[in-house]
Q: 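Just passing along the structure, written as structure tokens.
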Amino acid sequence: MNLSPLPARPPKDTPKGANMSDKPDLNAISHDLHAVRLEKLAQLRANGEDPFRANWNQSHISSECAKLLPEGVEEGPEVSVAGRVVAIRVMGKASFVKILDRAGIQQCYFTRDALTERYDTHFKKLVDLGDFIGVRGKLFRTKTGEVTVRAADYGLVSKAVRPLPEKWAGLTDAEKIYRQRYLDLVVNEESRNRLLIRSRVIESIRKFLWSRQFTEVETPALHSVAGGAAARPFETHSNALDCDFYLRIALELHLKRCLVGGMDRVFEIGRVFRNEGVSIKHSPEFTMLEAYQAYTDYRGMMELVRSLIQTVCKEVLGQTVVTRPDGVAIELGGEWREAKYKDLIIERTGDAQWFSRSKEEKIAACKKLGLEEPRTDWEDFEVTNEIFGKLIEPTLLQPTFVTHIPKELCPLAKVTVGDDSTIDVFELCINGQEIAPAYSEQNDPGVQRKMLEIQAGAETQKIDEDFLLALEHGMPPAGGLGIGIDRLVILLTGAANIRDVILFPTLGPDKNA
RNA sequence: GGCCGGAUAGCUCAAUGGUAGAGCAGUUGACUUUUAAUCAAUUGGUUCGGGGUUCGAGUCCCCGUCCGGCCA
């Protein structure tokens with residue numbers, strides 16, 4: 001290695017641009033961080049080193065290094081670590097360098113004694129915050145107790161020609177956090193952990209369902225009829241088939257076809273798309289788990305979802321209590337409260353006769369309760385559901401199964417025996433949000449057709465005839481469950497916004513680009 | 001769609017209508033156990049875009065763009 005030092009700083013009275021050297025003067029461009037780093041890259045290449053053609057053998061990650069040096073032991077084995085440089089503290093002939101790998105941060109110790117002139121001419125001059133390096137050396141413990149790699153050798157294996165965000169405040173601009181999530185992941189540990197938890201939640205869900213002998217399947221995202229929920233779909237077009245498609249708004253109708261086909265325990269974790277408002281709780285694309293189990297019903301789904309959430313929570317967080325950003329603790333362990341929809345409404349309105357009131361009386365009551373006036377074209381049940389959605393659901397912080405829901409709200413569920421007005425379903429509410437609905441699935445093709453026709457009204461093209469045909473071939477009695485994965489992760493991480501648990505949330509095109 | 005708030009150096013933020021600043025990052029130097037290292041010096045600005053008011057606009061007014069929040 002024969003590196004020439006950077007050109008010396010010119011005398012103070014030298015005007016800008018007066019540098020006669022062949023190489024661009026870093027002093028002259030020191031305000032332009034991109035240019036400075038490009039110049040360093042050019043110097044590396046001029047010296048026969050190309051960081052983009054280099055690599056490094058990673059023998060250990062940061063979390064493993066700590067275990068290799070137990071308390072009381074002075075020096076550990078040699079390790080070879082690699083990661084992004086996120087901190088450099090130079091103190092003359094010795095420096096501390098922190099690198100970030102998939103497990104976290106590993107400190108390394110660089111000295112002139114070990115690295116000779118390369119320490120001054122290469123490390124100090126050409127390695128920047130944000131670069132990727134590999135470091136080989138023995139572990140030791142600093143006097144403050146931090147396990148550190150004493151660098152015997154290191155290599156520059158990728159150069160960042162753009163700077164990292166500020167090290168202390170990190171990245172706070174909301175748009176940049178979402179648009180340049182990679183930077184957020186590098187500098188904001190909270191974001192990194194939150195999104196890693198999401199991944200572990202999904203892993204844990206799969207393991208749980210596999211242990212219950214569920215089969216994981218993949219069903220189409222392009223639907224000719226957007227069914228299984230009430231939502232406005234995204235539309236697209238197939239050139240090859242010369243027809244329009246909708247992006248799916250639910251997984252339900254294809255998973256039920258799997259039940260018809262004899263896959264009697266089946267689930268899918270998949271992206272669904274709804275062309276509706278974007279908010280703190282709503283993303284145009286989000287991830288649903290739907291699971292269907294034959295020969296059980298919504299009561300069976302209660303046990304399934306409670307076990308699932310409790311198992312996942314314990315496995316990922318190591319406990320069953322989660323804390324909201326406002327400090328309120330939510331206990332997910334033990335049995336969960338059950339409450340009938342009608343009882344909650346009567347309790348909240350203080351009107352035992354609520355369900356025999358006229359629509360006009362209900363609308364008047366809504367105004368009294370401080371709600372915006374419901375639209376007059378709403379159906380009677382929609383006025384009542386406004387009270388549930390606005391005044392009851394947000395208060396259900398502790399896990400609550402809301403049961404005996406009006407049948408108009410869920411056309412795909414079985415009607416309760418002995419009460420024609422309700423259906424055998426629950427809505428699991430936690431953290432003031434609907435986390436998981438579950439049904440005793442409707443498998444009577446005649447009743448199902450009637451319910452879908454009522455829901456579709458004049459828009460008969462919205463009826464999935466192929467699904468009804470499948471039902472006519474016979475679907476076993478089954479319980480079905482849906483879980484909004486994003487909302488579950490919000491619950492488990494204490495996130496404030498659905499976008500904080502989605503790596504790359506939906507954004508419009510970057511107008512500044 | 002409505003209302004409110006925001007956009008200033010690479011990043012995080014200041015700036016009564018009167019010379020656009022600080023910290024970090026960068027550059028130069030000192031420093032062999034730091035923890036936001038420290039110390040000294042120093043570079044860096046189309047104040048989101050377009051109009052207007054004014055002797056003078058980052059600041060006030062109008063229009064627009066984008067972002068965020070609340071509501072629908």
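Below, chains carry the letters A, B, ... as their sequence lines are ordered, and counting in each starts from 1.
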Q: Could you check, using the six-membered ring where one of them is a Trp, whether A:Tyr119 and A:Phe110 have ring centers closer than 6.0 angstrom?
A: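 No, the ring centres sit 6.0 Å or more apart.
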Q: Show your working on side chain to side chain contact (heavy atoms under 4.5 Å, CB included) between A:Lys98 and A:Glu146 and close with a plain yes or no.
A: CA-CA 11 Å; A:Lys98 301 227 175 186; A:Glu146 184 161 350; 3.1 Å; yes
Q: Dump the intermediate steps for ring-ring contact (aromatic ring centres under 6.0 Å, His included) on A:Phe234 and A:Tyr246, then the final yes or no.
A: CA-CA 6 Å; A:Phe234 285 92; A:Tyr246 301 102; over 10 Å; no
Q: Tell me if a side-chain donor or acceptor on A:Glu166 pairs with a main-chain N or O of A:Ala169 at a distance below 3.5 Å.
A: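 Flag set: sc A:Glu166 to bb A:Ala169 pair under 3.5 Å.
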Q: Has the side chain of A:Gln107 got a donor or acceptor that lies under 3.5 Å from a partner of the other kind on the base of B:U34?
A: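 It does, because a donor-acceptor pair links the side chain of A:Gln107 to the base of B:U34 below 3.5 Å.
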Q: Please tell me whether A:Arg112 and A:Ser95 have a donor and an acceptor in their side chains that are separated by less than 3.5 angstrom.
A: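 The criterion, which ignores hydrogens and geometry beyond distance, is not satisfied for A:Ser95 and A:Arg112.
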Q: Using every non-hydrogen atom in the two residues, find where A:Val86 and A:Ile105 come nearest and quote the distance to one decimal.
A: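 Minimum heavy-atom separation between A:Val86 and A:Ile105: CG2-CD1, 4.2 Å.
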Q: Kindly point out which of B:U27, B:U34, B:A25 is positioned nearest to the side chain of A:Thr148?
A: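 Among the listed nucleotides, the one closest to the side chain of A:Thr148 is B:U34.
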Q: Using atom C1' of each nucleotide, how far apart are B:A9 and B:G5 to the nearest Å?
A: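 B:A9 and B:G5 have their C1' atoms separated by 24 Å.
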Q: Consider the side chain of A:Leu33, meaning its heavy atoms from C-beta on, and name the nucleotide among B:G26, B:U12, B:U34 that approaches it most closely.
A: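 The answer is B:G26.
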Q: Which one, B:C11, B:C24, B:U34, comes nearest to the side chain of A:Lys167?
A: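 Out of B:C11, B:C24, B:U34, the nucleotide with an atom closest to A:Lys167's side chain is B:C24.
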Q: Which nucleotide sits closest to the side chain of A:Val36: B:C11, B:U27, B:G44?
A: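 My answer, after comparing the listed nucleotides, is B:U27.
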Q: Treat a base pair as Watson-Crick or G-U wobble with both distances under 3.5 Å, then lay out RNA chain B in dot-bracket form, 5' to 3', with | for cross-strand pairs.
A: (((((((..((((....[..)))).(((((.......))))).....(((((..]....)))))))))))).
Q: Between B:C13 and A:Thr172, is there an OP1 or OP2 to side-chain N/O distance shorter than 4.0 Å?
A: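 The answer is yes; a side-chain N or O of A:Thr172 sits under 4.0 Å from OP1 or OP2.
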